[in-house]
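A quick write-up on the structure given underneath.
Labels below follow one simple rule: chain letters A, B, ... track the order of the sequence lines, proteins then strands, and each chain is numbered from 1.
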Amino acid sequence: MIQILGVKRILVLIILLAANISLAAVVYLYLVPESDNMTRQLQETRAKIASERAETDRLRTEFQAIQEQKNRFETLQAAGFMSDQNRLVARRRIMDIQKYTKVLRAGYDISSANVVRDKAVEGIGYVILSTPVSVEIEALDDLDVYNFIYWMENAFPGHTSVQQISMARVLDVNEAVIRQIGSGVPTTLVKGTVDFLWQTIVPESSVQSLDGLNTGEVLDR
Amino acid sequence: MAISFLTPSRTVLLIGDEALYVYKVTHNAASLVDSVPWQTEDFEDFVAGLVRKECGGRPILVLNDMTDQHFKGGQRLPKVGLMDRSNVLSRKIQVAFPNYPVRGALPVKVTDKKSSKDGDKSQGKGLYLFAAVPASDQITKTLLAVRLSMAPVAGFVLLPVESSDMALALSVKLAGKGRKVPRWTVFIGQHQNGALRQVITRDGQLAMTRMTPVSDADSDPEVWAREVHQEFKATVGYLSRFGYSQEDGTDVIVICNKEAGSALEKLIESPCKYKAFTTPEAARLLGMPIGRQDETRYAEPLHVAWAGRKAKFTLPMEATEIKKIHGPRQMVAAAVLLMVLGGGYQAYQLVSLTQSLFETRGDYTVQRGVLTQAESEHQAEVKRMEALGFDVNLIQGAITAYESFESDRMKVVPLFQKIGEALGSDLRLDAIAVDRIAPVVVEVPGAEPSADQTAQPVTVETKLSLSFPPTIQLEFGIREISNLRKRLAERLPEYDVEITRQIARPEYTQNIKGVAGRTAEEIAVEEDYVAELTIRGPKK
């Protein structure tokens with residue numbers, strides 16, 4: 001075969017074959033993967049740019065809104081929404097509300113707080129402290145009870161919401177009762193039990209230190 | 001003539017009876033490289049060396065000009081399908097020339113006026129001229145030299161067959177535009193070895209060829225003319241067997257020097273159009289440059305240049321020896337072409353991808369810069385937010401949590417207000433109980449509650465209890481309770497209000513015991529004057 005084809009022709013063939021293989025190797029083993037890789041990196045970079053710009057735009061848009069939200073946040077902060085539910089403060093506040101609303105007696109039961117993880121605050125490293133509070137109220141008039149509920153919901157530190165109310169008239173108004181009231185003797189005409197849920201948010205890191213929180217049934221007049 | 005830069009450049013090996021003539025044919029010249037006598041020592045190596053060195057390894061065309069060429073005209077193929085035709089033709093040639101190694105078949109175009117008039121057009125179909133060259137030492141040596149030269153093989157052809165269309169071309173040029181081309185053309189030319197080659201065509205196709213020895217024209221033009229005239233007369237005599245008629249018209253074209261041409265013209269008596277050319281004159285007429293020639297009376301350069309520049313041969317001969325050389329070399333040539341094309345494509349890919357890669361890299365660098373800028377802008381915004389003095393996420397999280405608690409709040413105080421209004425000044429409640437009703441959430445396994453389900457307002461159930469003194473008239477009490485329900489429903493349109501217990505209407509769920517036969521007062525004390533209403537809502 002070499003006699004027919006000749007060394008030169010075979011050499012040309014081999015050189016061309018080698019050139020083809022070399023070119024194919026460069027193209028398919030280096031250039032194509034490198035090109036794909038570079039294209040992918042470029043796309044990722046473009047995606048990052050789009051993401052950064054969107055985030056920047058969002059921040060710019062929210063800047064105004066945040067300034068408005070800041071006032072509300074400060075109000076919430078001042079109202080103790082981010083407090084660690086100090087029982088002493090709670091006790092004093094209930095006493096204040098009792099005196100202000102003129103209910104005759106408010107016996108309260110503040111349970112130990114439950115730590116609730118919630119999506120709304122999980123991202124910022126906070127947890128919810130959720131405490132059931134039960135108050136037994138004795139009053140001369142049911143309006144005093146409603147007043148008590150109103151102030152518990154609006155003047156208690158953090159967020160307080162009514163869960164259950166049970167109220168009944170215990171005495172009918174008759175001459176004897178009127179005389180008793182007139183003589184200055186505290187007379188309970190209405191009795192009721194109101195269950196509240198007291199909620200605040202605290203940093204997750206402070207939860208450990210809250211484990212030893214004093215809770216219990218405290219009765220006060 | 002073909003366009004010069006597309007004209008094939010070849011080495012033509014002209015096989016003569018005494019020697020092998022090696023010609024180099026380019027687009028503007030047909031030059032004799034050397035004539036190698038057959039008896040030359042190491043003939044094959046010498047010729048191969050000439051082809052490689054002097055001719056630059058150009059593709060070789062073997063042009064057979066030997067006396068020993070055999071033709072069989074009028075060979076008709078049986079009617080066979082297109083697929084079988086080549087096999088049948090091959091077999092028929094083999095039968096016609098069983099012992100000849102080089103064979104070929106040329107389809108014949110029949111332009112016989114009689115046949116056309118008769119309408120028998122099919123007569124011309126399937127007619128072939130068979131040609132063959134017997135095995136000879138000259139052929140063997142030439143093919144061995146071709147093999148040793150390592151040059152590609154363009155083909156093996158017969159000089160008279162390939163020059164037949166040259167004779168026609170000259171005849172057409174002589175006729176010019178206004179004149180009808182004669183049916184017969186006799187082309188006469190002397191070769192260097194002294195042989196006189198006559199190529200006779202009818203309607204442009206080879207009708208006959210003769211090769212006879214004559215004296216050299218330079219020695220005595222008169223003698224040469226007489227000898228050629230004798231040969232011409234003999235040719236015309238032969239032609240009468242092929243249906244030659246003087247009425248059809250005849251061109252006689254002779255390649256020689258001027259004196260010999262003039263002498264021959266005087267001798268030719270038969271009616272014909274006679275024209276004598278020197279080789280350069282004929283080449284000029286054909287528009288075929290052949291370069292400078294030392295001898296202008298020999299016709300070989302014309303034949304060689306004409307055949308050597310053909311893109312498609314009139315009758316390419318088939319030979320096993322040629323195939324053995326040509327086949328592998330053609331395959332290699334095809335492989336080389338394929339690899340050159342493949343390499344070209346890959347080179348294009350390489351350039352294209354490299355360019356694309358550079359562009360992408362450039363773009364990537366630019367985009368990195370843009371990203372850095374975008375990041376710094378983002379950081380600037382974050383810093384601006386931080387400059388507000390608080391944690392934005394904390395604000396949003398705290399407000400979200402507070403709003404979530406608020407949405408879960410029972411709005412009892414406004415409810416009490418409406419109940420108080422509905423009761424008016426005459427009615428008083430004995431008891432009130434407010435409780436929340438847990439929302440009904442349809443749980444789908446594996447799915448989290450939807451936003452609509454979790455955002456439902458809190459449903460509150462409020463139970464009111466009232467009592468009347470036993471002295472009251474029953475109908476009055478019932479009417480009061482009914483009116484109270486109506487007032488509550490008006491004031492609380494978002495709530496469902498229903499009387500769950502009407503006065504003095506013990507429900508079927510209660511147990512009743514008593515004694516009949518008592519006074520009306522005793523009965524009144526026992527009667528139940530307590531009513532209950534339930535307010536449920538708000539409605540969704």
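- For chain B, the option among A/Val26, A/Val32, A/Leu17 with the highest count of heavy-atom pairs below 4.5 Å is A/Leu17.
- Across B/Ala401 and A/Ile201, no two heavy atoms sit closer than the pair CB-CG2, 4.3 Å.
- Interface remark: of the candidates B/Gln379, B/Gln367, B/His378, B/His378 forms the most heavy-atom pairs closer than 4.5 Å to chain A.
- In this structure, A/Leu42 CG and B/Glu359 CD are separated by 11.5 Å, a value rounded to the nearest 0.5 Å.
- Between A/Trp198 atom CH2 and B/Phe405 atom CZ the span is 13.0 Å, to the nearest 0.5 Å.
- Nearest heavy atom pair, residue B/Leu394 against residue A/Met82, reads CD1-CE, 3.5 Å.
- The number of heavy-atom neighbours closer than 6.0 Å to NZ of A/Lys48, taken from other residues, nucleotides and ligands shown, is 12 or below.
- Heavy atoms closer than 4.5 Å to chain A are found nowhere in B/Val146, neither backbone nor side chain.
- In this structure, chain B has a heavy atom under 4.5 Å from the backbone of A/Thr160, while its side chain stays farther away.
- Contacts between A/Phe81 and chain B at a heavy-atom distance below 4.5 Å involve the side chain alone, from C-beta outward.
- Using a 4.5 Å cut-off between heavy atoms, A/Leu16 contacts chain B through both its backbone and its side chain.
- Of the atoms belonging to B/Thr360, heavy atoms from both backbone and side chain fall under 4.5 Å from chain A.
- Summarising the geometry, atom CD belonging to A/Gln163 is positioned 7.0 Å from atom CG belonging to B/Asp408; distances are rounded to the nearest 0.5 Å.
- A salt bridge links A/Arg46 and B/Asp363; the closest N-O separation between the charged side-chain nitrogens and carboxylate oxygens is under 4.0 Å.
- Across all non-hydrogen atoms, the minimal contact from B/Leu353 to A/Val27 is CD1-CG1, 3.7 Å.
- A distance-only check finds no donor-acceptor pair linking the side chain of A/Arg60 to the backbone of B/Glu381 [under 3.5 Å].
- The backbone N or O of A/Ile124 lies less than 3.5 Å from no partner atom in the side chain of B/Asn393, so there is not a single donor-acceptor pair.
- A/Asn20 and B/Gly342 make their closest contact through OD1-C, 3.4 Å (heavy atoms, listed as atom of the first residue, atom of the second, distance).
- Per-residue counts of heavy-atom pairs under 4.5 Å with chain B were compared for A/Val12, A/Val121, A/Leu76; the largest is that of A/Leu76.
- Between chain A and the options B/Ser356, B/Ser404, B/Gly343, the largest number of non-hydrogen pairs under 4.5 Å is found for B/Gly343.
- The candidate with the highest count of non-hydrogen atom pairs below 4.5 Å against chain A, out of B/Glu377, B/Lys463, B/Arg361, is B/Arg361.
- Side-chain contact between B/Tyr364 and A/Thr39: absent, with no pair of heavy atoms (C-beta onward) separated by less than 4.5 Å.
- Proximity to chain A is absent for every atom of B/Gln373, based on heavy atoms less than 4.5 angstrom apart.
- With a 4.5 Å cut-off on non-hydrogen atoms, B/Phe416 touches chain A through its side chain but not through its backbone.
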Q: Could you walk me through whether B/Glu375 and A/Arg53 pass salt bridge (Lys or Arg N to Asp or Glu O under 4.0 Å), step by step?
A: CA-CA 8 Å; B/Glu375 280 173 345; A/Arg53 281 184 174 158; over 6 Å; no
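- The shortest non-hydrogen separation linking B/Gln346 to A/Ala24 is OE1-CA, 2.7 Å.
- When heavy atoms are compared at a cutoff of 4.5 Å, A/Leu197 does not approach chain B at all.
- Using a cutoff of 4.0 Å between basic side-chain nitrogens and carboxylate oxygens, A/Arg72 and B/Glu403 are scored as salt-bridged.
- Remark: side-chain polar atoms of B/Arg368 are not paired, donor with acceptor, to backbone N or O of A/Thr45 under 3.5 angstrom.
- The aromatic rings of B/Tyr402 and A/His159 sit perpendicular to each other, their planes meeting at more than 60°, with 30° as the lower class boundary.
- With a 4.5 angstrom heavy-atom cutoff, B/Thr354 touches chain A via backbone and side-chain atoms both.
- Chain B forms the most heavy-atom pairs under 4.5 Å with one residue out of A/Glu74, A/Gln77, A/Lys191, A/Glu153, and that residue is A/Glu153.
- No donor-acceptor contact under 3.5 angstrom links the side chains of A/Gln164 and B/Arg436, judged on distance only.
- Of the atoms belonging to B/Val412, it is side-chain heavy atoms, and not backbone ones, that fall under 4.5 Å from chain A.
- Options B/Leu350, B/Asp430, B/Leu429 differ in how many heavy-atom pairs under 4.5 Å they form with chain A, and the most are formed by B/Asp430.
- If you take CD1 on A/Ile165 and OG1 on B/Thr462, they are separated by 8.0 Å, rounding to the nearest 0.5 Å.
- Side-chain contact between A/Glu34 and B/Leu357 is present, with at least one heavy-atom pair separated by less than 4.5 Å.
- Looking at every heavy atom in both residues, A/Arg9 comes nearest to B/Met150 through NH2-O, 2.6 Å.
- Considering only heavy-atom pairs separated by less than 4.5 Å from chain A, the leading option among B/Val413, B/Thr400, B/Val460 is B/Val413.
- Considering OG of A/Ser35 and CZ of B/Phe358, their distance stands at 11.5 Å, rounded to 0.5 Å.
- Neither the backbone nor the side chain of B/Ala387 comes within less than 4.5 Å of any heavy atom of chain A.
- A/Tyr146 places none of its side-chain heavy atoms less than 4.5 Å from the side chain of B/Gln417.
- From B/Lys383, atom NZ reaches atom CG of A/Leu59 across 13.5 Å, with rounding to the nearest 0.5 Å.
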